[in-house]
Student: 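The structure is given below, and queries will be raised subsequently.
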Amino acid sequence: MTIARAACISDLRTIAKRRIPRFAFDLVDGGAEDESNLRRNEDALQALRLTPRYLVDASRPRLETEIFGQTYSAPFGIAPIGMLNVFWPGADLMLARLAAKHNVPYCVSAAASTSLERLAEAADGRGWFQLYASADHAVTDGLLDRAQAAGYRNLLVTVDVPAAGKRDRDIRNELSVPFKFTPRTLVDLGLHPRWSLATLRHGKPNIANYADLLKSATSYAEVQATLIAADYTWDHLIKLRDRWPGRLIVKGLQHAEDAARCAELGCDGIVVSNHGGRQVAAGPGSIEALPAIAKAVADRIKILFDSGIRRGSDIIRAKALGADFTLLGRSFAYGVGAGGATGADRAFTIIELELTRSLGQLGRPDFANVDETLIHRGTP
Ligand code: FNR
């Protein structure tokens, strides 16, 4: 299989799996515990059927979507992914440039492998900044000041990591901080010379925004505490709302009451997300959480959705259930892992093509007209 012959995101995943050492592939591909939530995300999306409607002029598809005061060329963007350069060297910058080229948002993870300033520049006005509140408030303040100075206007604050996800694959792969070479990883590196050489050339991936702070970290727990506060509560969110002058979007909600509270606190949006099945194995498929949340807040704030999107039709499913906009994490990661910037571009065009074709098939060429009447609920 080559990039040019990759027909779908799953094909890109297959290519990426071949090119990337196992520990690095699993780090991105894996989910929490037995990965039931990861699977449920995709299964629940697929279980949702859409009814085609015909004899509608489908000759002029339209994907353009406005959100947070800016018009994008498609109703989806790139979700924040920390440490992605472990997956493929230079991945962050490739995705930022991809977003600029196609005019879609690129969410810059606080834990990215590249500095938020460089990524803002590469995304060329399409960058949204994603914050993890640090246990050290001075660290959080510093990041917010930098994000503001770099020109970010939209801030996503991710709240679904009060404790680190337990990922069985990473444990089996003996991933540790600082990174240690085990006999198995050495064999793994030898079997993937292209990745190993590219990584050598590029330098060891780190978490760029915190590089100085993490230099002396000797355990995962230390890194986690620097990156993410375990005691982050609604009171902190209220203060953040006061402090951040731009749009504030809370990422990682699965319950309608939490979403309603965000609306009451003056947030501009929420992301219905379960972190791509990486946190709570017992949780619902993210799409299963969407209808109740949409019912609670749709008229008050913007609703974004992620977790499990692998097809253009998944974006339509999410919109039909009330999402204004969607984010894709692994779909773009697989693209960049399969073939760098070319692979990332392939991921984009696959999703865009599937989305456009599906809209035509469903009799809703203009994405803005997708609504709940497309959902198949049995014969009326
Ligand atoms: C993530 N995600 C994530 N989210 C976030 O807010 N900050 C982050 O740094 C990261 N890091 C991260 C790393 C990796 C390897 C993955 C796969 C995911 C979650 C991400 O933004 C998004 O919610 C999910 O990826 C969406 O699910 P899909 O599209 O991957 O199924």
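Note that ligands are numbered from 1 as they come in the structure, with each ligand's atoms numbered from 1 the same way.
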Student: Write out the residue and atom name of the closest protein heavy atom to atom 20 (C) of ligand 1, then the distance separating them to 0.1 Å.
Tutor: Pro80 O, 3.3 Å
Student: Looking at atom 15 (C) of ligand 1, what's its closest protein heavy atom, distance included?
Tutor: Arg278 NH2, 3.5 Å
Student: Where the closest heavy atom to atom 30 (O) of ligand 1 is concerned, which of Gln130, Arg310, Arg330, Gln279 has it?
Tutor: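 Answer by nearest heavy atom: Arg330.
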Student: Around atom 25 (O) of ligand 1, find the nearest protein heavy atom and jot down its residue, atom name and distance.
Tutor: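 Among all protein heavy atoms, the one nearest atom 25 (O) of ligand 1 is Gly329 CA, 3.6 Å.
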Student: Salt-bridge test for Arg22 and Asp26: reply yes if a basic N is under 4.0 Å from a carboxylate O, no otherwise.
Tutor: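 Asp26 and Arg22: salt-bridged.
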Student: Does ligand 1 have any atom that is closer than 4.0 Å to a heavy atom of Glu42?
Tutor: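 The answer is no: ligand 1 sits nowhere under 4.0 Å from a heavy atom of Glu42.
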Student: Under 3.5 Å between some N or O of ligand 1 and some N or O of Gly82?
Tutor: yes
Student: Do Arg261 and Asp258 meet the salt-bridge criterion of a basic N to acidic O distance under 4.0 Å?
Tutor: no
Student: Where is the nearest protein heavy atom to atom 6 (O) of ligand 1: which residue, which atom, and how far?
Tutor: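 Closest protein heavy atom to atom 6 (O) of ligand 1: Thr158 OG1, 2.7 Å.
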Student: When the ring planes of Phe348 and His102 are compared, do they come out parallel, tilted or perpendicular, using 30° and 60° as the limits?
Tutor: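 Parallel, since the angle between the ring planes stays under 30°.
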Student: May I ask you to decide whether Arg243 forms a salt bridge with Asp141, counting only side-chain N to carboxylate O separations under 4.0 Å?
Tutor: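 Result for this pair is yes, salt bridge flagged.
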Student: Taking the non-hydrogen atoms of Asn41, is any one of them nearer than 4.0 angstrom to ligand 1?
Tutor: no
Student: Provide, to 0.1 Å, the distance between atom 4 (N) of ligand 1 and the closest protein heavy atom, together with that atom's residue and name.
Tutor: Lys251 NZ, 3.1 Å
Student: To which protein heavy atom is atom 22 (C) of ligand 1 closest, and what is the distance rounded to 0.1 Å?
Tutor: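 Looking at atom 22 (C) of ligand 1, the protein heavy atom closest to it is Asp306 OD2, 3.3 Å.
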Student: Will you find, in the side chains of Asn274 and Asn37, an N or O donor that is under 3.5 Å from an N or O acceptor?
Tutor: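 Short answer, yes.
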Student: Would you mind checking if Arg311 and Glu354 are paired as a salt bridge, meaning a charged N to carboxylate O distance below 4.0 Å?
Tutor: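 Looking at Glu354 and Arg311, the cut-off is met.
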Student: Considering non-hydrogen atoms only, spot the tightest contact between Thr158 and Gln130 and give its length.
Tutor: OG1-NE2, 3.1 Å
Student: Compute the minimum heavy-atom distance from Tyr132 to ligand 1 and say whether it is under 4.0 Å.
Tutor: yes
Student: Specify side chain, backbone, both or neither for Val28, according to which of its non-hydrogen atoms lie closer than 4.0 Å to ligand 1.
Tutor: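 Val28 to ligand 1: contacts from backbone and side chain alike.
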Student: Side-chain donor-acceptor pair under 3.5 Å between Thr185 and Thr182, yes or no?
Tutor: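 Short answer, yes.
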Student: Classify the angle between the aromatic ring planes of Phe76 and Phe332 as parallel (below 30°), tilted (30 to 60°) or perpendicular (above 60°).
Tutor: parallel
Student: Would you tell me whether Gln254 and Ser286 have side-chain atoms, one donor and one acceptor, within less than 3.5 Å of each other?
Tutor: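 The criterion, which ignores hydrogens and geometry beyond distance, is satisfied for Ser286 and Gln254.
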Student: For Arg146 and Asn209, test the side chains for any donor-to-acceptor distance below 3.5 angstrom and give the result as yes or no.
Tutor: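 Yes - a donor-acceptor pair under 3.5 Å links their side chains.
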Student: Is ligand 1 less than 4.0 angstrom away from at least one heavy atom of Ser273?
Tutor: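 Yes, Ser273 has a heavy atom closer than 4.0 Å to ligand 1.
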Student: Near Gly276, which atoms of ligand 1 are under 4.0 Å from a heavy atom of that residue?
Tutor: 24 (C), 26 (C), 27 (O)
Student: Looking at Ser307, which atoms of ligand 1 are within less than 4.0 Å of one of its heavy atoms?
Tutor: 26 (C), 27 (O), 31 (O)
Student: When you measure from atom 19 (C) of ligand 1 to every protein heavy atom, which one gives the shortest distance, and what is it?
Tutor: His275 CD2, 3.5 Å
Student: Tell me: protein heavy atom nearest atom 13 (C) of ligand 1, and distance?
Tutor: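 Of the protein heavy atoms, Ile81 CG2, 3.4 Å lies nearest.
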